[in-house]
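Because only heavy atoms are used, hydrogens play no part in the values below, and waters and symmetry mates are left out as well, while side chains stay in. Just follow the structure's listing: the first ligand is 1, and inside any ligand the first atom is 1.
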Amino acid sequence: MRITEEQQKILDGKEGKILQKAMSDLVKCGTAMGAEEFIPIASAHTTLSAMEAVAYAFLPRGVPITKDSIDKFSKEIANVRVKVKTTTNPGWMDLRKWRQMGAGEDVYNSVMRAVEVARRCGIMATHSCIPQLTDNIPLFGQHVSFCESSAFPYVNSFIGARTNREAYGVSLYSALLGITPNFGLHLDENRRGTHLVEVQCEMENFSDWGALGFWSGNKVGVGIAVFKNLRRPTVEEAEQLCAGVNSSGAGGVGMFHIPGVTPEAPTIEAAFGGNKPKETYIFDESAKRETYRYLNYKPEGKVDLVFIGCPHATLYQITQLAQMLEGKHVAKDTKLWIMTSSSFRAPAEQLGYAQIIEDSGAELLADGCLSLYYIGTNCKRPNMNRVATDSAKMAFIPRRSFNSNIFFGDTERCIDIAIKGGL
Ligand code: F3S
């Protein structure tokens, strides 16, 4: 890779060990991916779940992650400032209701230490998996460095900004340096459609979008799908599509096109940009039914946990959920958890929606993620033997990780299940 004099100085360690490590790993990444140079980025979205995870990205191989090594590392990194606007992915748990989620003090303290380091580095610890709708909204054509599998397809496909599917270490290095290697989806030629997906059924429910994403992610893998005959989604439906495409198959889908919606693709021809589709797939009623059948995994009569908010619920979703729950009560042996980020919980509290939700016995949680949290820690889980959710991504994760019985379906049906306590 060609690097500038200034970048070489950082690589030589003239600006400290942290930036040297960041630059060295970005050069390795860029070289491996065939990048010829770095480009400046406008913003970054990274992960700082807990201090152990941050230390893991920086400490040399073989250095054990102990309390002492983390303490030393925390002091070093806290002296460095990010070069661009940077936000963070969900941090395992609700920073206010962490005890309700089963977290111990040790995990809470580790997360808070990462929050403190983030503050000193100038990182906004927003703990949101929908930064592109809240605190980190890129503009068309901007280059950014985003992790989070539901966020980066949105950035590319609905906003027309450019990001690769970043690992959290790479996005953190890019945040600290303000640059990213120029390869993959930063380049025009890699943003063209590769496969045609013809939609031949109605998209009736919120959950249908997750089902379509899940199905097409499985078929197209890391290619770039061009959806034909797909109606314009709402922002929340678009989120479900993005989360779904990366829940199955290769799990690295960075982009797709919906002609007439994706900014770079006014037409199907423009979406392919001269490419011929490698394959055509048809998503019809039977494919949709089959996807629901697959994502509903031995659903049982009783349900222990109804989970809404993967990706995090927007304020509009919270408003709708409050309307569905007003005057009703969640069944005694069932939990209803609605996950959002603080950027949305604060106005939901101010406007009274949070109270309506909590009066029904449901929990409005913020800043966490059911899957990251219970997979990444030894925290006490709620009973998740039987789960209901409106998210294809969340339907797949507990089934794979905890062998839970899963009901996957529309939001209204999930709320009904929470009130009745079962199917
Ligand atoms: Fe967000 Fe976690 Fe779902 S990061 S997209 S709530 S799996």
Identify, by atom number and element, the atoms of ligand 1 in contact range of [X], meaning under 4.0 Å from any of its heavy atoms.
X	result
Pro90	4 (S)
Cys369	2 (Fe), 4 (S), 6 (S), 7 (S)
Cys310	3 (Fe), 5 (S), 6 (S), 7 (S)

* **Exercise: identify the closest heavy-atom pair between Arg191 and Ala161** =>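 Between these two residues, the closest heavy atoms are NH2-O, 3.3 Å.
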
* **Contact list for residues 409-423, test side-chain hydrogen bond (donor to acceptor under 3.5 Å, both in side chains), sequence neighbours left out** =>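 Every side-chain hydrogen bond (donor to acceptor under 3.5 Å, both in side chains) pair that includes a residue of residues 409-423, provided the two are not neighbours, is Asp390-Thr411, Asp416-Lys420.
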
* Set of side-chain hydrogen bond (donor to acceptor under 3.5 Å, both in side chains) partners for Thr163, sequence neighbours left out ->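 side-chain hydrogen bond (donor to acceptor under 3.5 Å, both in side chains) list for Thr163, sorted by chain: empty.
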
* **Pairing of Arg192 and Glu264 as salt bridge, 4.0 angstrom limit** =>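 Judged by the 4.0 Å cut-off on N to carboxylate O distance, Arg192 and Glu264 do not form a salt bridge.
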
* Under 2.8 Å: N/O/S of His312 next to atom 3 (Fe) of ligand 1 ->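 It does not; every qualifying atom lies at 2.8 Å or beyond.
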
* Among Met339, Glu148, His127, which residue places a heavy atom closest to atom 4 (S) of ligand 1? ->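 Among Met339, Glu148, His127, the closest heavy atom to atom 4 (S) of ligand 1 belongs to Glu148.
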
* Taking the six-membered ring for Trp, are His45 and Phe146 parallel (under 30°), tilted (30 to 60°) or perpendicular (over 60°)? ->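 The rings of His45 and Phe146 sit tilted, inter-plane angle from 30° to 60°.
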
* Option among Phe227, Phe396, Phe283, Tyr294 that satisfies the ring-ring contact (aromatic ring centres under 6.0 Å, His included) test with Trp215 ->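 Among Phe227, Phe396, Phe283, Tyr294, the one that satisfies the ring-ring contact (aromatic ring centres under 6.0 Å, His included) with Trp215 is Phe283.
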
* Asked: For ligand 1, is there an atom lying under 4.0 Å from some heavy atom of Ala243?
  ->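 Checking ligand 1 against Ala243, which is what was asked, there is no heavy-atom contact under 4.0 Å.
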
* Look at the N, O or S atoms of Cys129, main chain and side chain alike, and state whether any lies under 2.8 Å from atom 2 (Fe) of ligand 1. =>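 Coordinating: no.
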
* Check each heavy atom of Lys393 against ligand 1 and say whether those closer than 4.0 Å belong to the side chain, the backbone, both or neither. =>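 It is the side chain that touches ligand 1; the backbone stays farther off.
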
